[in-house]
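Remarks on the structure that follows.
For the single chain, residues carry numbers from 1 onward in sequence order.
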Amino acid sequence: MTEQTRSVVWNELFDVARTAGYYDGAVKKYAFRRYVVRFLAALGAMGAFTVSVNILPEPLQVLAPVFPLALLVVLVVDMTTRFDAQVALLTRARHDYNRLEGDWKTLWASASAPETTEADIMARIKELRDAEQMVAAWVGGAQVGTMKRLRDRIDAETYRAIKGQYAA
């Protein structure tokens with residue numbers, strides 16, 4: 001494998017690993033947000049129930065109107081944020097990018113084999129780039145926001161990991 005091809009494979013591997021790491025972190029963040037909203041909804045429902053059956057202690061009676069209102073707000077937030085849909089889309093993106101990362105790692109390993117020709121490597125690079133473009137196309141249309149701090153952290157972590165494991 002020529003140095004130019006080696007550099008292309010390493011850069012593509014880094015980019016896909018970085019993107020896979022980002023979607024892994026994004027799934028965890030959105031799943032946590034979904035959990036918090038559902039927990040608050042359950043808490044609001046419990047408070048509304050205690051108000052409705054009149055078992056709220058006397059000093060807390062001033063909070064009685066807060067529980068149903070809080071429940072209403074949390075349910076509206078849950079319905080409008082689409083956390084379930086976002087978690088599903090991000091999980092699929094994470095899966096697809098993890099698969100692509102595995103494919104690039106396999107190409108990196110097989111490229112060192114003496115029986116692998118430069119033409120074979122270039123053909124596989126084209127296949128993987130095409131597959132990545134297909135994934136990027138549907139992910140781009142998913143309208144899931146970008147988390148800049150997460151992306152910056154993942155970029156740095158991935159660079160250290162890929163550089164250490166797959167030094168160019």
Heavy-atom pair with the smallest gap, counting every atom of [X] and [Y]:
X      : Y      : answer
Leu90  : Ala26  : CD1-O, 3.8 Å
Val16  : Tyr97  : CG1-O, 3.5 Å
Thr116 : Ser110 : OG1-O, 2.8 Å
Val74  : Val37  : CG1-O, 3.2 Å
Trp138 : Asp96  : NE1-OD2, 3.3 Å

Say you draw a straight line from [atom1] of [X] to [atom2] of [Y]; how long is it, rounded to the nearest 0.5 Å?
X     : Y     : atom1 : atom2 : answer
Trp10 : Leu13 : CH2   : CG    : 8.0 Å
Lys28 : Asp24 : NZ    : CG    : 4.0 Å
Leu43 : Arg38 : CG    : CZ    : 15.5 Å
Arg34 : Asp84 : CZ    : CG    : 5.0 Å
Thr80 : Leu75 : OG1   : CG    : 10.5 Å

Carefully, step by step, assess Leu40 and Val73 under the rule side-chain contact (heavy atoms from CB on, under 4.5 Å).
CA-CA 10 Å; Leu40 291 175; Val73 168; over 6 Å; no

Is there a path from Leu128 to Met134 through hydrophobic residues (I, L, V, M, F, W, Y) whose side chains come within less than 4.5 Å of each other?
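Leu128 and Met134: separate clusters.
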
Hydrophobic cluster membership, Val9 vs Met122, 4.5 Å side-chain cutoff
yes

Looking at side-chain heavy atoms only, is the closest gap between [X] and [Y] below 4.5 Å?
X      : Y      : value
Val135 : Arg99  : yes
Val36  : Phe39  : no
Asp103 : Arg124 : yes

Is it the case that the side chain of Asn98 and the backbone of Arg94 share a donor-acceptor pair, with hydrogens and angles ignored and the cut-off at 3.5 Å?
yes

So, Thr91 side chain and Val87 main chain: donor-acceptor pair closer than 3.5 Å or not?
yes

Check the pair Glu132 / Arg129 against salt bridge (Lys or Arg N to Asp or Glu O under 4.0 Å), numbers first and verdict last.
CA-CA 5 Å; Glu132 187 177 350; Arg129 281 181 172 168; over 6 Å; no

Tell me whether the NZ or CZ atom of Arg33 lies within the 45° cone about the ring axis of Tyr30 and under 6.0 Å from its centre.
yes

